[in-house]
Amino acid sequence: MKLLAISGSPRADSTNTAMLECFCRQAQAGVEISLYRGLADLPVFSPDREGANTPMVVHELFDALRQADGIIISSPEYVRGIPGGLKNAIDWLVSGEEVIGKPVVLAHASHRGDDMLAALRLVLATVTQQFREDIFLQLPLMTKSPEEVRKLLQGQDCAQKIGLFLNEFVQEIEKGPTTSR
Ligand SMILES: Cc1cc2nc3c(=O)[nH]c(=O)nc-3n(C[C@H](O)[C@H](O)[C@H](O)COP(=O)(O)O)c2cc1C
């Protein structure tokens, strides 16, 4: 099974990205998690650039999504909302087939950011029928360095929480799509 991790933070020392990198390393046998690194290179979405005009970097995002059985998104809050780069990426997906019906879950590397989480939940529930709001992992990592994040997440408590979160998501994907939620 292949999962795609997307960080909403373009920051080199991002806690959200560092947490997702830990997920990649901690994936259970048979599960491959890869981190999408192209968010900051995507041009600003315009309907004029869809179809034959779609830029190559956007096709690369589409391909990564097509290959994934599920998506994990982790994002900071910027100005009480979704960071522009992440929202821009989601805007590129709206009229395509890549994300409709794709299982998506959220993780979050901060004890704050409830406004962004509420907005992102609304957006994801709009773009995929398989957004699983109930599968969620929040770890208080704000202001930690990537090295500190790595060390913390290797600790038994965090490693167990990550394992449970990833297992739950994998199991739900294996069960197949549901329309009753
Ligand atoms: C431009 C900008 C705006 C921010 N706005 C908020 C905000 O509205 N609410 C909040 O709790 N944190 C806000 N923050 C703090 C980030 O959400 C927080 O530091 C987050 O943990 C950073 O994630 P990262 O380490 O993955 O980049 C903001 C940070 C930046 C750079």
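We use all heavy atoms of the structure for the numbers below, so side chains are in, but hydrogens, waters and symmetry mates are not. For ligands, and for the atoms within them, numbers begin at 1 and follow the listed sequence. Every value quoted in this text rests on a predicted model; they were computed, and no experiment measured them.
- The nearest heavy-atom contact from the protein to atom 12 (N) of ligand 1 is Arg112 NH2, 3.2 Å.
- For Leu152, the side chain to side chain contact (heavy atoms under 4.5 Å, CB included) criterion is met by Leu141, Lys144, not counting sequence neighbours.
- For atom 21 (O) of ligand 1, the closest non-hydrogen atom on the protein side is Met142 CG, 3.2 Å.
- Here is the list of ligand 1 atoms found below 4.0 Å of a heavy atom in Pro76: 17 (O), 20 (C), 22 (C), 23 (O).
- In this structure, Ile173 CD1 and Lys102 NZ are separated by 9.5 Å, a value rounded to the nearest 0.5 Å.
- Summarising the geometry, atom CG belonging to Leu122 is positioned 8.0 Å from atom CD1 belonging to Ile82; distances are rounded to the nearest 0.5 Å.
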Would you sort out whether Leu124 and Ile90 count as a side chain to side chain contact (heavy atoms under 4.5 Å, CB included), showing the intermediate values?
-> CA-CA 9 Å; Leu124 293 174; Ile90 296 171; 4.3 Å; yes
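- Aromatic ring centres of Phe165 and Phe136: separated by at least 6.0 Å.
- Among the atoms of Thr17, none of the N or O lies under 3.5 angstrom from an N or O of ligand 1.
- Checked against a 3.5 angstrom limit, the closest N/O atoms of Ala109 and ligand 1 fall outside it.
- Contact atoms of ligand 1 toward Arg11: 24 (P), 25 (O), 27 (O) (distance under 4.0 Å to a heavy atom of the residue).
- Residue Asn16 approaches ligand 1 through these ligand atoms, each under 4.0 Å from one of its heavy atoms: 23 (O), 24 (P), 26 (O).
- Of the possible donor and acceptor atoms, none in the side chain of Glu32 sits under 3.5 Å from a partner among the backbone N and O of Leu3.
- Residue, atom and distance of the protein heavy atom nearest to atom 8 (O) of ligand 1 are Arg80 N, 2.8 Å.
- When non-hydrogen atoms are compared, ligand 1 lies under 4.0 Å from the backbone of Glu77 as well as from its side chain.
- Distance check, rounded to the nearest 0.5 Å: CG of Asp63 to CG of Leu4 gives 11.5 Å.
- Heavy-atom minimum distance, Ser9 versus Tyr78: OG-OH, 4.2 Å.
- The shortest N or O to N or O distance between Tyr78 and ligand 1 is not under 3.5 Å.
- The heavy atom nearest to atom 3 (C) of ligand 1, considering only Asp115, Val149, Asp114, Val79, is found in Val79.
- Annotation: Ser9 places an N or O atom under 3.5 Å from an N or O atom of ligand 1; distance criterion only.
- Electrostatic pairing of Asp134 and Arg132 counts as a salt bridge here, judged by a charged N lying under 4.0 Å from a carboxylate O.
- An N or O contact shorter than 3.5 Å is missing between Ser110 and ligand 1 by distance.
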